[in-house]
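Everything below concerns the one structure shown next.
For the numbers below, each heavy atom of this structure counts, side chains included, while hydrogens, waters and symmetry mates do not. Worth saying up front: this structure is predicted, and the values here are computed from it rather than measured.
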Amino acid sequence: MNEGANVQTFFGIPFNIGNDVPGLIAAAIVFFLMFFLSRRIEMKPTGKQNVIEWIIDFTNSIIKSTMPGRDGQKFGLLIFTLFSFIFVSNQLGLMLQITVNNVTYVKSPTANVMTTMTLAFMVLLLAHFLGVKKFGFKGYFKNTYLSPIPFLLPISVLEEFTNFLTLALRLYGNIYSGEVLLKLIYKFSKVYGIASFVPAVPLEIIWQGFSVFIGSIQAYVFVTLTMVYISQKVEKE
């Protein structure tokens, strides 16, 4: 939405503060939320302990659906952390946005394509690393690119790029479009005074509720595809 940029250089490396601060805020929210929910763990869960155990059970069910057995259990913490961060990131900009001098410092980190591309790159890099670690480079190359038949090598290589783009852009597109529409509704509410403000209020509420649902679904889709891509690299075709 024609936002400005606040670029600062640290140790010779440029950082866009408008991109970095939302991610740090989302990470801090996840840390303190999980810290709060995990205090005084008991054998018989009650109250806030039920919440964190429900999240763990939910993310574990995603793992079991894509990689059943003992091999999938070691990814429990990864998927739990990834889902929690993306979920909070998707909702942050819906609840609060702070803009100073045309630079938005508080928004959904996942409404920025650099954030989603970074997450996608980390996931796929980890998947390739785990494949090489398990099978060795020769076995990994054969399992990933030459199975089921070597003839499909060009398509398998192309698929790696499409996986990266779809994983990153699906998340970015859904969250960014949601925030853009919320901004448009807010601007519309001020165009004709009370005549535009009245219809804008229910529109804003409805769209925020829908965006919360979409943000939740996109967090689920991202971690599910993460497990799918990892399983493709560590399990034999």
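Ile217 and Ile79 fall within a single hydrophobic cluster, where Ile, Leu, Val, Met, Phe, Trp and Tyr are joined by side-chain heavy atoms under 4.5 Å apart, directly or via other members. Linking ILVMFWY side-chain heavy atoms closer than 4.5 Å, directly or via other members, places Phe80 and Phe32 in two distinct hydrophobic clusters. Both Phe213 and Leu203 belong to a common hydrophobic cluster when Ile, Leu, Val, Met, Phe, Trp and Tyr are linked at side-chain heavy-atom distances under 4.5 angstrom. Linking Ile, Leu, Val, Met, Phe, Trp and Tyr whenever their side-chain heavy atoms come within less than 4.5 Å leaves Leu94 and Phe188 in two separate clusters. Tracing side-chain contacts under 4.5 Å through hydrophobic residues (I, L, V, M, F, W, Y), one never reaches Leu24 starting from Ile175; they form parts of separate clusters.
Within the 4.5 Å cutoff, the side chain of Gln218 has no heavy atoms near those of the Ile86 side chain. Looking at heavy atoms from C-beta onward, Met34 lies out of side-chain contact with Thr81 at the 4.5 angstrom threshold. Within the 4.5 Å cutoff, the side chain of Phe121 has no heavy atoms near those of the Met117 side chain. Residues Lys107 and Asn19 are in side-chain contact: their nearest non-hydrogen atoms beyond the backbone lie under 4.5 Å apart. Annotation: side chain of Leu92 is in contact with side chain of Pro109 (closest heavy-atom distance under 4.5 Å). With contacts defined as side-chain heavy-atom distances shorter than 4.5 Å, the pair Met67/Ile230 qualifies. Put simply, the side chain of Val180 reaches to within 4.5 Å of the side chain of Tyr176, judged on heavy atoms. Side-chain contact between Thr59 and Val223 is absent, with no heavy atoms from C-beta onward closer than 4.5 Å.
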### Task
Under the side-chain contact (heavy atoms from CB on, under 4.5 Å) rule, what do Gln232 and Thr144 come out as? Steps first, then yes or no, please.
CA-CA 7 Å; Gln232 289 175 345; Thr144 303; over 6 Å; no
### Message
Applying side-chain contact (heavy atoms from CB on, under 4.5 Å) to Asn90 and Leu171, what does each step give before you reach the verdict?
### Response
CA-CA 9 Å; Asn90 291 351; Leu171 179 59; 3.7 Å; yes
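To the nearest 0.5 Å, atoms CG (Leu182) and NZ (Lys187) are separated by 12.5 Å. Note that CG of Leu82 is 10.0 Å distant from CD1 of Ile62, once rounded to the nearest 0.5 Å. The CG atom of Leu169 sits 5.5 Å away from atom CG of Leu165, with the distance rounded to the nearest 0.5 Å. Rounded to the nearest 0.5 angstrom, Gln49 CD and Trp54 CH2 are separated by 16.0 Å. Here the straight-line distance linking atom OG of Ser189 with atom CG of Leu184 works out to 11.0 Å at 0.5 Å rounding. How far CG of Leu126 is from CZ of Phe129: 8.0 Å, rounded to the nearest 0.5 Å.
The two residues Phe85 and Ala26 have their closest heavy-atom pair at CE1-CB, 3.8 Å. Annotation for Ala127 and Tyr229: closest pair CB-O, 4.0 Å, computed over non-hydrogen atoms. Residues Phe222 and Ala120 approach most closely at CZ-N, 4.0 Å, considering heavy atoms. Taking both residues in full, the closest heavy atoms of Val30 and Ser84 are given as CG2-O, 3.7 Å, listed atom of the first, atom of the second, then distance. When every heavy atom of Leu153 is checked against every heavy atom of Phe141, the shortest pair comes out as CD1-CZ, 4.2 Å.
Environment of OH in Tyr220: sparse, with no more than 12 heavy atoms of neighbouring residues, nucleotides or ligands closer than 6.0 Å.
Between the side chain of Glu179 and the backbone N or O of Ser108 there is at least one donor-acceptor pair closer than 3.5 Å. Ser231 places a side-chain N or O within 3.5 Å of a backbone atom of Val228 that can act as its donor or acceptor partner. A donor-acceptor contact shorter than 3.5 Å links the side chain of Lys48 to the backbone of Phe36. Formation of a donor-acceptor pair under 3.5 Å by the Thr115 side chain with backbone atoms of Ala111 is not found in this model. Side chain of Asn174 to main chain of Arg170: a donor-acceptor pair is present (N/O by atom type, distance under 3.5 Å, no hydrogens or angles).
Ring-plane geometry between Trp207 and Phe210 is classed as tilted, the angle between the planes lying from 30 to 60 degrees on a 0 to 90 degree scale. Taking the six-membered ring where the residue is Trp, Tyr145 and Tyr140 present perpendicular rings, their angle passing 60° and hence far from 30°.
A distance below 6.0 Å separates the ring centres of Phe58 and Phe83.
A salt bridge links Lys233 to Glu160: at least one charged side-chain nitrogen sits closer than 4.0 Å to a carboxylate oxygen.
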